Undergrad: 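Starting off with a structure, shown below.
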Amino acid sequence: MDKIVNRKQQLRLFLTELISFMVIFSILGLIIFARFQQSTYANIDKGLEQRAAIVSKKPMLMDRPSDFKTITIYYDKNGKILNRDSLQRFSASILKVKGQTKDLNKTFSKQVGKATMRGVYVKVNADTQRHRLPAGVEKRNNIKNNDFLKNAKYAMVLQNITPDLQGINRFKNLLLAALILFGVLVFIISYIVSRINMKPVLKAWQQQQDFVDSAAHEIRTPLTIIQNQLEGLMTKPNDTIKDQIDPIIMSLSEIRRLNGLTSDMLTLARANSNAIAIKKTSVVVPEFMSEVLDPYQEFVQSEDKQFVIKTETTQSVMLDTKRIHQLLVILLDNAAKYTMPGDTITVRTVIENNSLKIQVMDTGQGISDANKKRIFDRFYREERSGNKETGGNGLGLAIAAWIIKAHNGRIKVTDNPGGGSIFTVVLPIK
Ligand code: ADP
């Protein structure tokens with residue numbers, strides 16, 4: 001079931017990334033292509049319009065446009081071509097392109113055979129006096145310029161834009177190829193990214209699942225004990241409380257355990273959802289330490305253990321006193337739980353490298369190397385004879401780790417050279 005959910009989530013993530021990338025690339029490609037096409041046409045049209053402006057004012061019978069790209073066809077008022085002689089080298093179909101008076105001065109495209117022509121149809125307003133040739137010159141050269149000037153009423157400027165269209169097409173193909181290549185790249189990248197992105201999600205999911213499993217397990221044991229004890233009491237309705245004091249004490253102790261467990265779970269759940277804010281205040285280190293440690297002195301000594309306090313600083317630091325107090329209680333409780341009479345518990349506090357360093361050292365049972373990392377996991381407890389009776393729930397160090405993380409600090413556990421363990425907490429104070 002979980003696998004299917006995970007696969008579905010990953011697929012959704014992958015598709016979302018892929019589609020978003022492709023949409024962005026396609027829009028980008030479309031914009032680039034449209035701009036290219038638009039600027040190509042704008043250039044052609046500009047040339048045509050400039051040529052048309054010249055042609056309409058200064059029509060020329062022997063038309064040799066300076067750019068050699070355009071052809072000009074002149075018509076009389078009935079649409080008859082006037083410069084047919086000078087157009088002999090062009091195919092007859094070009095001469096069939098007809099202009100419409102209603103489309104005057106508007107550029108248009110027309111397919112002529114295999115070529116695409118772009119053109120503009122204009123009215124000719126020739127200054128017939130200025131361009132008129134002296135009669136002698138006209139006759140000598142056998143040209144009918146003066147007739148032409150008189151009759152020319154319309155002109156069409158045409159340009160073969162097939163090469164430009166081929167250029168646009170080539171650009172389109174290049175863009176398409178680039179899009180496909182990007183598509184493949186995006187496909188691969190999206191797949192890798194979705195896998196990377198899913199990892200923390202999957203981890204969190206798994207952690208949550210494990211947390212719920214372990215929590216249910218932890219809660220069930222005390223509940224079963226309480227149920228059994230109460231059912232046992234029900235079978236002896238005539239007994240006094242004094243007669244049944246043992247099951248009552250056991251039930252109360254399990255209820256206490258449940259209480260501790262739920263408050264620990266609540267702390268972790270809130271920590272996880274960032275619902276607990278860290279409130280730092282300035283504290284004088286020795287004052288704060290003795291406030292936390294003094295109550296332990298008597299308790300530890302009552303268990304025939306030694307308690308040594310080494311506070312090697314008098315400085316003030318910024319801390320969330322409530323949370324750091326909670327952290328020290330967790331470490332001290334553990335030190336007390338996992339030591340035997342005759343052992344020593346030492347708490348050393350110093351300022352080193354702009355950090356407050358607190359070490360809780362004990363000469364107790366120690367922690368195996370394999371478990372040094374795992375003890376900070378939720379509900380993780382070392383499987384050892386005796387550990388069961390300590391009444392822990394395996395959440396203490398997980399809470400400690402969260403408090404330290406919230407202070408941007410570090411915690412590590414090492415072996416005490418003489419046996420036992422050293423928990424070192426480093427909290428930056430700047
Ligand atoms: P617990 O409630 O079981 O003490 P913790 O999260 O505080 O839960 O600790 C996790 C485990 O780490 C403990 O079950 C114990 O096995 C080990 N541990 C913690 N502190 C010590 C210590 N000072 N000495 C030996 N083992 C320890």
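All heavy atoms count here, side chains included; hydrogens, waters and symmetry mates do not. All values derive from a computational prediction rather than experimental measurement. Every number for a ligand or one of its atoms is a count from 1 in the order of the listing.
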Undergrad: Suppose I only count heavy atoms of G396 and a 4.0 Å limit; which atoms of ligand 1 are within that range?
TA: 5 (P), 6 (O), 7 (O)

Undergrad: Polar-atom distance check: F423 versus ligand 1, any N or O pair below 3.5 Å?
TA: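 Min N/O separation from ligand 1 is not below 3.5 Å for F423.
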
Undergrad: Check E303 with K305, please: is the shortest side-chain N to carboxylate O separation under 4.0 Å?
TA: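 Salt bridge flag = yes for E303 with K305.
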
Undergrad: Test your reading of the model: is there a side-chain donor-acceptor pair from T221 to the backbone of H217, 3.5 Å cut-off?
TA: yes

Undergrad: Considering only heavy atoms of Y380, which atoms of ligand 1 have at least one such atom less than 4.0 Å away?
TA: 10 (C), 11 (C)

Undergrad: Counting from 1, what ligand 1 atoms have a heavy atom of E382 closer than 4.0 Å?
TA: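 Listed by number with element: 14 (O), 16 (O).
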
Undergrad: Considering only NZ, NE, NH1 and NH2 on the basic side and carboxylate oxygens on the acidic side, decide whether R118 and D45 come within less than 4.0 Å.
TA: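 A salt bridge links R118 with D45.
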
Undergrad: With a cut-off of 4.0 Å, which atoms of ligand 1 are near a heavy atom of K337?
TA: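 By the 4.0 Å cutoff, the relevant atoms are 1 (P), 2 (O), 4 (O).
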
Undergrad: Below 4.0 angstrom from a heavy atom of I375, which ligand 1 atoms are there? Numbered from 1 as shown, please.
TA: 6 (O), 10 (C), 11 (C), 12 (O), 17 (C)

Undergrad: Considering only heavy atoms, which of F376, Y338, F379 lies nearest to atom 22 (C) of ligand 1?
TA: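 Looking at heavy atoms only, Y338 sits closest to atom 22 (C) of ligand 1.
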
Undergrad: Verify, without hydrogens or angle tests, whether N160 (side chain) and T162 (backbone) share a donor-acceptor contact under 3.5 angstrom.
TA: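 Confirmed, N160 side chain pairs with T162 backbone.
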
Undergrad: Thinking salt bridges, do E49 and K46 make one under a 4.0 Å N-O criterion?
TA: no

Undergrad: Please confirm whether G394 approaches ligand 1 to less than 4.0 Å, judged on its heavy atoms.
TA: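 Flag set, G394 near ligand 1.
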
Undergrad: What part of L397, side chain, backbone, both or neither, has a heavy atom within less than 4.0 angstrom of ligand 1?
TA: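 L397 to ligand 1: contacts from backbone and side chain alike.
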
Undergrad: Tell me which one of T363, I367, N371, N416 gets a heavy atom nearest to atom 26 (N) of ligand 1.
TA: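 Nearest heavy atom to atom 26 (N) of ligand 1 lies in I367.
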
Undergrad: Where the closest heavy atom to atom 20 (N) of ligand 1 is concerned, which of D362, N334, L332, I330 has it?
TA: N334

Undergrad: Test side-chain hydrogen bond (donor to acceptor under 3.5 Å, both in side chains) on S251 and Q229 and set out the steps.
TA: CA-CA 7 Å; S251 301; Q229 298 303 322; 5.2 Å; no

Undergrad: Please give me the minimum heavy-atom distance between A400 and I330, naming the atom from each residue.
TA: N-CD1, 4.0 Å

Undergrad: Applying a heavy-atom cut-off of 4.0 Å, say which part of D333 lies close to ligand 1: side chain, backbone, both or neither.
TA: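 No part of D333 is near ligand 1 at this cut-off.
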
Undergrad: Kindly identify the option in R374, R381, Q365 whose heavy atom sits closest to atom 3 (O) of ligand 1.
TA: R381

Undergrad: Tell me whether the rings of F299 and Y296 are parallel (<30°), tilted (30 to 60°) or perpendicular (>60°).
TA: perpendicular

Undergrad: Give me the ring orientation class for F33 and F171: parallel if the planes are under 30° apart, tilted from 30 to 60°, perpendicular past 60°.
TA: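 Ring orientation of F33 relative to F171: parallel.
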
Undergrad: Of all the heavy atoms in G366, does at least one lie under 4.0 Å from an atom in ligand 1?
TA: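 Distance cut 4.0 Å: G366 passes for ligand 1.
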
